[in-house]
**Student:** 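Take this structure first; my questions come after.
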2 protein chains.
Amino acid sequence: MVKILGMKRLHIDRPLTLIGMEDEVDRLVAAWRRERPDLDVEPLEVLSRVSRLARHLDRARRLAFSEHGLEPWEFDVLTSLRRAGAPYQLSPGQLLTQTLVTSGTMTNRIDRLAKKGLVERLPDPSDRRGVLVRLTPEGRDRADQALAGLLAQERAILAQLSQSQRGDLAGLLRQLTAPFDNIPG
Amino acid sequence: MVKILGMKRLHIDRPLTLIGMEDEVDRLVAAWRRERPDLDVEPLEVLSRVSRLARHLDRARRLAFSEHGLEPWEFDVLTSLRRAGAPYQLSPGQLLTQTLVTSGTMTNRIDRLAKKGLVERLPDPSDRRGVLVRLTPEGRDRADQALAGLLAQERAILAQLSQSQRGDLAGLLRQLTAPFDNIPG
DNA sequence: CATTTATATCTCGATGTCAAGATACTCGTG
DNA sequence: CACGAGTATCTTGACATCGAGATATAAATG
């Protein structure tokens, strides 16, 4: 690995044919360096890959969940409740911070899940503004089944990396996500 | 870093207070380990972070682009054309593979960008089924301005990492994205 | 206590995305 | 050169999301 910390823009020559495949972001970055040699586009090497990979994962997940008759958004809500532990209930507000959607979206999601019998809405006994969303037994089963399927799929995707690489990757990503998750961005 | 490669599920104890902040995925993983100790949820350490970070980035980008009067989807299309180099034109199909949306979405996007005068549609001279989408001069300017803004923002986000860490992270992500980008998933 | 400020959730209209199918054209074979 | 398979793009209708504002309740302030 080339390390020249003082340089403005550093161009790392990797023997792609030896250590791995080229991806779309490599092509994207090369194109920018040709078209806009005045700019330092190094940040795209990381963050464009994050965005594109997330998009691929969305598609893969949609497929995996369809075998269990769930949409990705349904999975997100049901598993948030499942993780909370018995009695499997959270406020809509708590669900917001876990799923990163707006309140209007969450209201709509809860409505639809309630109509399907996977969750139910209860009044919060300690705050009359509040509501508690509770998983039904069927909702819990569906969440558990879909989770197993998701983990199998993700394990296949991650087989590209060694265990220590996965650990490194998780650690690096944590450093980027922590500011968003803690200082409420 | 603990390395016990033979183990089924390995639990890495990191002194969080010393080497970094906890994030939402740490809490998520801890909750699963409590609720479903029978499952190995290690894959989530990586892929849930990718998804959540992408979501945070979407929000940040929306903000950055609004200063230039652009939506994220407009930026994606315009910069794809900009990167192609003069005469800044691509087929809708080429735009699909770069932006990871469906053909219906791309048709709609091109319609709206054409109505705003940022791109124009031309018949493909070599294939009468085909169309070429070309950037207008104004579209090109808007793309260039927004790109500069985006890079500044991304640099701030990545300041959490050293240069060599950014290189490592890009490399690890490439290993995960390459299969999707090459074997057309 | 009265008033203000903050919080929790919901309502609603606009919009972007997707999936599936329709249409038009090209290419390889026989 | 006719035909079937393949390709490129567009059309359509259903649907999920967002943002802004509405409503109701709680907490803080003087």
Side-chain angles (χ1 to χ4, degrees), chain A residues 51 54-63 65-66 69-78 89-116 118-134 184, chain B residues 51 54-63 65-66 69-78 80 89-116 118-134 184-185:
Chain A
S51 293
R55 214 139 165 71
H56 287 302
L57 291 175
D58 274 348
R59 292 181 167 189
R61 268 197 270 264
R62 187 168 320 234
L63 247 162
F65 292 146
S66 69
L70 281 184
E71 300 290 320
W73 64 264
E74 295 178 300
F75 177 85
D76 286 344
V77 176
L78 297 180
Q89 57 187 26
L90 291 173
S91 70
Q94 292 173 304
L95 288 169
L96 289 192
T97 70
Q98 297 217 15
T99 53
L100 297 177
V101 296
T102 62
S103 65
T105 298
M106 187 52 69
T107 298
N108 187 16
R109 287 184 174 186
I110 296 166
D111 286 347
R112 285 174 280 156
L113 286 170
K115 207 165 294 177
K116 290 179 70 171
L118 302 179
V119 306
E120 55 190 342
R121 242 191 271 252
L122 309 170
D124 182 338
S126 67
D127 182 342
R128 257 180 298 186
R129 293 168 303 181
V131 171
L132 289 175
V133 182
R134 180 188 293 172
Chain B
S51 294
R55 210 135 169 72
H56 287 302
L57 291 176
D58 274 348
R59 292 179 167 191
R61 269 196 269 263
R62 188 166 320 232
L63 246 162
F65 292 146
S66 68
L70 282 184
E71 300 290 320
W73 63 263
E74 295 178 300
F75 176 84
D76 287 343
V77 177
L78 297 181
S80 292
Q89 59 188 24
L90 291 173
S91 70
Q94 291 173 305
L95 287 170
L96 289 190
T97 70
Q98 298 218 12
T99 54
L100 297 177
V101 296
T102 61
S103 66
T105 297
M106 187 53 68
T107 298
N108 187 16
R109 287 183 174 188
I110 296 167
D111 286 347
R112 285 174 279 156
L113 287 171
K115 207 166 294 175
K116 290 180 69 173
L118 302 180
V119 306
E120 54 190 343
R121 243 191 270 253
L122 308 171
D124 183 337
S126 67
D127 184 340
R128 255 180 300 189
R129 293 167 304 180
V131 171
L132 289 176
V133 182
R134 179 188 293 173

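A note on names: the letters A, B, ... follow the listed sequences, proteins ahead of strands, and every chain is numbered from 1.
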**Student:** Note the angle between the end axes of the helix from dC1(C)-dG30(D) to dG30(C)-dC1(D), five pairs defining each, rounded to 10 degrees.
**Tutor:** 30°

**Student:** Between Arg128(A) and Thr102(A), who's closer to the 5' end of DNA chain D by nearest nucleotide?
**Tutor:** Thr102(A)

**Student:** Name each donor-acceptor pair under 3.5 Å that joins a side chain in residues 122-130 of chain B to protein atoms two or more places apart or in another chain, with its distance.
**Tutor:**
from: Asp124(B); atom 1: OD1; to: Ser126(B); atom 2: N; distance (Å): 2.8
from: Asp124(B); atom 1: OD1; to: Ser126(B); atom 2: OG; distance (Å): 3.0
from: Asp127(B); atom 1: OD1; to: Arg129(B); atom 2: N; distance (Å): 2.9
from: Asp127(B); atom 1: OD1; to: Arg129(B); atom 2: NE; distance (Å): 3.2
from: Asp127(B); atom 1: OD2; to: Arg129(B); atom 2: NE; distance (Å): 3.4
from: Asp127(B); atom 1: OD2; to: Arg129(B); atom 2: NH2; distance (Å): 2.7

**Student:** On DNA chain D, which is the earliest and which the latest nucleotide, 5' to 3', with an atom closer than 4.0 Å to a heavy atom of chain B?
**Tutor:** dG6(D) to dG19(D)

**Student:** Please find the pair of heavy atoms, one from Ser51(B) and one from Leu57(A), that lie closest to each other, and give the distance.
**Tutor:** OG-CD1, 4.2 Å

**Student:** Which pairs, protein N/O on one side and nucleotides 9-11 of chain C N/O on the other, fall under 3.5 Å?
**Tutor:**
from: dT9(C); atom 1: OP1; to: Val131(A); atom 2: O; distance (Å): 3.4
from: dT9(C); atom 1: OP2; to: Gly93(A); atom 2: N; distance (Å): 2.8
from: dC10(C); atom 1: OP1; to: Arg121(A); atom 2: NH1; distance (Å): 2.7
from: dC10(C); atom 1: OP2; to: Thr107(A); atom 2: OG1; distance (Å): 3.3
from: dC10(C); atom 1: OP2; to: Arg121(A); atom 2: NH1; distance (Å): 3.3
from: dC10(C); atom 1: N4; to: Ser103(A); atom 2: OG; distance (Å): 2.7

**Student:** Over how many whole Å does the gap from Phe65(B) atom CZ to dG16(C) atom C1' extend?
**Tutor:** 17 Å

**Student:** Considering non-hydrogen atoms only, spot the tightest contact between Arg121(B) and Thr107(B) and give its length.
**Tutor:** NH2-O, 4.0 Å

**Student:** Answer yes or no: does a side-chain N or O of Arg112(B) lie under 4.0 Å from OP1 or OP2 of dT17(C)?
**Tutor:** yes

**Student:** For Gly69(B) versus Glu74(B), what's the shortest heavy-atom pair and its separation?
**Tutor:** O-OE1, 4.1 Å

**Student:** Could you tell me how far apart Asp127(B) (CG) and dC27(C) (C1') are, to the nearest whole angstrom?
**Tutor:** 11 Å

**Student:** To the nearest angstrom, how far is Asp124(B) atom CG from dT26(C) atom C1'?
**Tutor:** 12 Å

**Student:** Holding to salt bridge (Lys or Arg N to Asp or Glu O under 4.0 Å), I want the full list of residues that pass it with Arg61(A), two or more places apart in sequence or in another chain.
**Tutor:** Glu154(A)

**Student:** If you assign Ser126(A) and Val101(A) each to the DNA chain D nucleotide with the nearest heavy atom, which residue ends up on the more 5' nucleotide?
**Tutor:** Val101(A)

**Student:** Rounded to the nearest 0.5 Å, what separates atom CZ in Arg112(B) from atom CG in Leu118(B)?
**Tutor:** 12.0 Å

**Student:** State, to 0.1 Å, how close Ser80(B) and Leu95(B) come at their nearest heavy-atom pair, and which atoms those are.
**Tutor:** CB-CD2, 3.6 Å

**Student:** Can you tell me how far apart CD (Gln94(A)) and CE (Met106(A)) are? Round to the nearest 0.5 Å.
**Tutor:** 11.0 Å

**Student:** Show the numbers, then the answer: is there a side chain to side chain contact (heavy atoms under 4.5 Å, CB included) between Val133(B) and Leu113(B)?
**Tutor:** CA-CA 10 Å; Val133(B) 182; Leu113(B) 287 171; over 6 Å; no

**Student:** Please find the pair of heavy atoms, one from Arg59(A) and one from Leu100(B), that lie closest to each other, and give the distance.
**Tutor:** NH2-O, 3.3 Å

**Student:** Identify, with sequence neighbours excluded, every residue that meets salt bridge (Lys or Arg N to Asp or Glu O under 4.0 Å) alongside Asp58(A).
**Tutor:** none

